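Notes for the one structure printed next.
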There are 2 protein chains.
Amino acid sequence: MDKQQQIINAAAQSFSQYGYKATTMEQVAKIAQVGKGTVYLYFSNKEKLLKEIVRSLAVEMRMVADQHIQASEGFVERFDAALYAILQFREQHDLMVKLSLELNDFGTPIVKEVLDSFEQEICVYIADKVRLAIEKEEIRSCDPEITAFLMYKMYINLIHDWQKHHSPISRERAAALIRLYFIEGLQP
Amino acid sequence: MDKQQQIINAAAQSFSQYGYKATTMEQVAKIAQVGKGTVYLYFSNKEKLLKEIVRSLAVEMRMVADQHIQASEGFVERFDAALYAILQFREQHDLMVKLSLELNDFGTPIVKEVLDSFEQEICVYIADKVRLAIEKEEIRSCDPEITAFLMYKMYINLIHDWQKHHSPISRERAAALIRLYFIEGLQP
DNA sequence: CAAATGACTGTTTTAGTATTATAGTCATAA
DNA sequence: TTATGACTATAATACTAAAACAGTCATTTG
């Protein structure tokens, strides 16, 4: 049996259930059914362990988003499908939810770092799609990184932040708004 | 001499210098050269005192932004002038800077509430301008609240958040980008 | 007697300290 | 050569005593 994978699984389970701070290396070793020292043979410290797990989660996320894109026609539809898949992914994976809560409650620096790089990963992913859309002349030429960054932020703003003070916006409404502002523009 | 104003000035000074948490009502009374009980004749508690100060700061902010709008032609230019004035206002008023730091460091709930309502104030202000621009047919018809919210967020994203991981964007560049995305749109 | 005050009080924060828990190491064992 | 858990230095926590504080109110003042 692959000890490294056992350790990763054990850590993923514990991080998801108890969070980063409240997970001890001894706990991970116990769940993985190995000695504590063994964990350190594969991961030089706790931080590396978390980063490895989040990294592979990011890979999975890319795949899920790509699957959702397949079924969609048109740039906005594909963008909406991918982004929605990503947000759902984040909400449905206990680890991401737990880490977000932990960042809010304790501000653990490593958790902040990890979630930050996950966000950047998302932006890089979208930027690739924007670049493709420019090549296919589906949209005008523009800076792909900035465009991806702003579209992602706008999606988050609409789905998550707006409803902090107003009534929620449906996924369809959000896609329509992004089409209005980003694609069509407000000029009369 | 107006004791109420003396107290407000004293509190504004102390909040700016030491923050909300580290300011004591005794301190405020001492600076205002009144007894502690006197402070409570005008403000039933510490929270009300802070809210009053931030409220009048919001009024001042509106006036400053309006002044900057006067000198500008076109919707994007006026929007840029107003938003830039608002951001500068926030950066140049020690109280806002101090409160932001305090929210980051301690998460003081009342400070969060106050800064939140200040942000909403900004959005209401912009929404008014958007409504006006729709009436004057400078832009297409749209929901003024959502549009104001998203334009404000995009401006913040460009000027503040983008540079957390990339090289900063100048004020001119930000205005040009908002014109590109919001006004002209990305359709080819 | 209306406006102002600061001593007073119950509660919260802080500072100091003892105790426990934990990350990471390493000598030993399988 | 791989695996282990006792070990250690450091960091988190729990506890307590002391101090600071927001808000009150009986007394004072103009």
Side-chain angles (χ1 to χ4, degrees), chain A residues 1-54 98-99 101-114, chain B residues 1-54 98-99 101-114:
Chain A
M1 51 190 158
D2 185 353
K3 295 216 166 175
Q4 174 155 3
Q5 196 54 49
Q6 258 174 265
I7 291 165
I8 289 175
N9 292 343
Q13 181 195 317
S14 187
F15 286 149
S16 299
Q17 193 163 0
Y18 307 109
Y20 179 76
K21 209 168 79 96
T23 289
T24 74
M25 291 302 259
E26 216 157 357
Q27 167 92 317
V28 170
K30 196 175 170 189
I31 296 174
Q33 288 174 296
V34 297
K36 185 152 83 132
T38 310
V39 176
Y40 283 91
L41 287 179
Y42 294 96
F43 300 95
S44 56
N45 55 48
K46 198 177 164 182
E47 192 176 330
K48 291 260 176 65
L49 192 46
L50 177 67
K51 284 184 176 169
E52 171 55 30
I53 290 167
V54 172
K98 196 78 193 181
L99 291 179
L101 285 174
E102 190 168 343
L103 182 59
N104 251 312
D105 293 348
F106 306 110
T108 324
I110 290 157
V111 171
K112 184 180 163 53
E113 193 187 314
V114 158
Chain B
M1 51 188 161
D2 185 354
K3 297 217 164 174
Q4 173 155 3
Q5 196 55 49
Q6 259 176 266
I7 291 164
I8 288 174
N9 293 343
Q13 182 196 315
S14 186
F15 287 149
S16 299
Q17 194 162 0
Y18 307 108
Y20 179 76
K21 209 168 79 97
T23 289
T24 73
M25 291 302 261
E26 218 157 356
Q27 168 91 316
V28 171
K30 197 175 167 189
I31 296 174
Q33 289 174 296
V34 297
K36 184 154 82 135
T38 311
V39 175
Y40 283 90
L41 288 178
Y42 296 95
F43 300 94
S44 56
N45 56 48
K46 198 176 164 184
E47 192 176 330
K48 291 260 176 65
L49 192 46
L50 178 66
K51 284 184 177 170
E52 171 55 30
I53 290 167
V54 172
K98 196 78 194 180
L99 291 179
L101 285 174
E102 189 167 342
L103 182 59
N104 251 310
D105 294 348
F106 307 110
T108 325
I110 290 157
V111 171
K112 184 180 164 55
E113 192 186 318
V114 158

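Since the model is a prediction, treat every value here as computed from it, not as a measurement.
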Derivation and outcome, side chain to side chain contact (heavy atoms under 4.5 Å, CB included), residues A:Glu47 and A:Leu50: CA-CA 5 Å; A:Glu47 192 176 330; A:Leu50 177 67; over 6 Å; no

Comparing A:Lys21 and A:Val39 on DNA chain D - which has the more 5′ nearest nucleotide: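 Nearest-nucleotide comparison on DNA chain D picks A:Val39.
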
First encountered from the 5' end of DNA chain C, between A:Glu26 and A:Gly37: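 Nearest-nucleotide comparison on DNA chain C picks A:Glu26.
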
5' priority, DNA chain C, between A:Thr23 and B:Val34 [closest heavy atom]: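 It is B:Val34, whose closest nucleotide lies nearer the 5' terminus.
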
Closest non-hydrogen atom pair between B:Phe15 and B:Lys98, with its separation: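 What the structure gives for the nearest pair is O-CG, 3.6 Å.
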
Minimum heavy-atom distance between A:Ser16 and A:Ala12, given as atom pair plus value: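 Closest approach of A:Ser16 to A:Ala12, heavy atoms only: OG-O, 2.7 Å.
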
With the side chain of [X] defined as its heavy atoms from C-beta on, choose the nearest nucleotide among [options].
X	options	result
B:Asn45	D:dG23, C:dT25, D:dA3	D:dG23
B:Lys3	C:dT5, C:dG24, D:dA22	C:dT5
B:Tyr40	C:dA3, C:dA23, D:dA22	D:dA22

May I have the distance from [X] (atom [atom1]) to [N] (atom [atom2]), rounded to whole angstrom?
X	N	atom1	atom2	result
A:Lys46	D:dT10	NZ	C1'	14 Å
A:Met25	D:dT10	CE	C1'	16 Å
A:Gln27	C:dG24	CD	C1'	17 Å
A:Leu41	C:dC26	CG	P	13 Å
B:Tyr20	D:dC21	OH	P	14 Å
A:Lys30	C:dT22	NZ	P	12 Å
B:Ile110	D:dA22	CD1	P	11 Å
A:Leu50	C:dA23	CG	C1'	15 Å

Sugar-phosphate only, base, or nothing, as touched by B:Phe43 at under 4.0 Å among non-hydrogen atoms: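 Contact class for B:Phe43: none.
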
Touch class at under 4.0 angstrom, heavy-atom based, for A:Thr24 against every strand present: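 Sugar-phosphate, no base atom in range.
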
Presence of B:Tyr42 side-chain N/O under 4.0 Å of C:dA4 phosphate oxygens OP1/OP2: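 Checking B:Tyr42 against C:dA4: at least one side-chain N or O falls below 4.0 Å of OP1 or OP2.
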
Criterion side chain to side chain donor-acceptor pair (under 3.5 Å) on A:Asn9 and A:Gln5, from CA distance to verdict: CA-CA 6 Å; A:Asn9 292 343; A:Gln5 196 54 49; 3.1 Å; yes

Side-chain donor/acceptor of B:Lys36 to base of D:dG23, under 3.5 Å: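 Indeed, a donor on one side and an acceptor on the other fall under 3.5 Å apart.
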
B:Lys46 charged N/C atom sitting above B:Tyr20 aromatic ring, 6.0 Å / 45°: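 Yes.
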
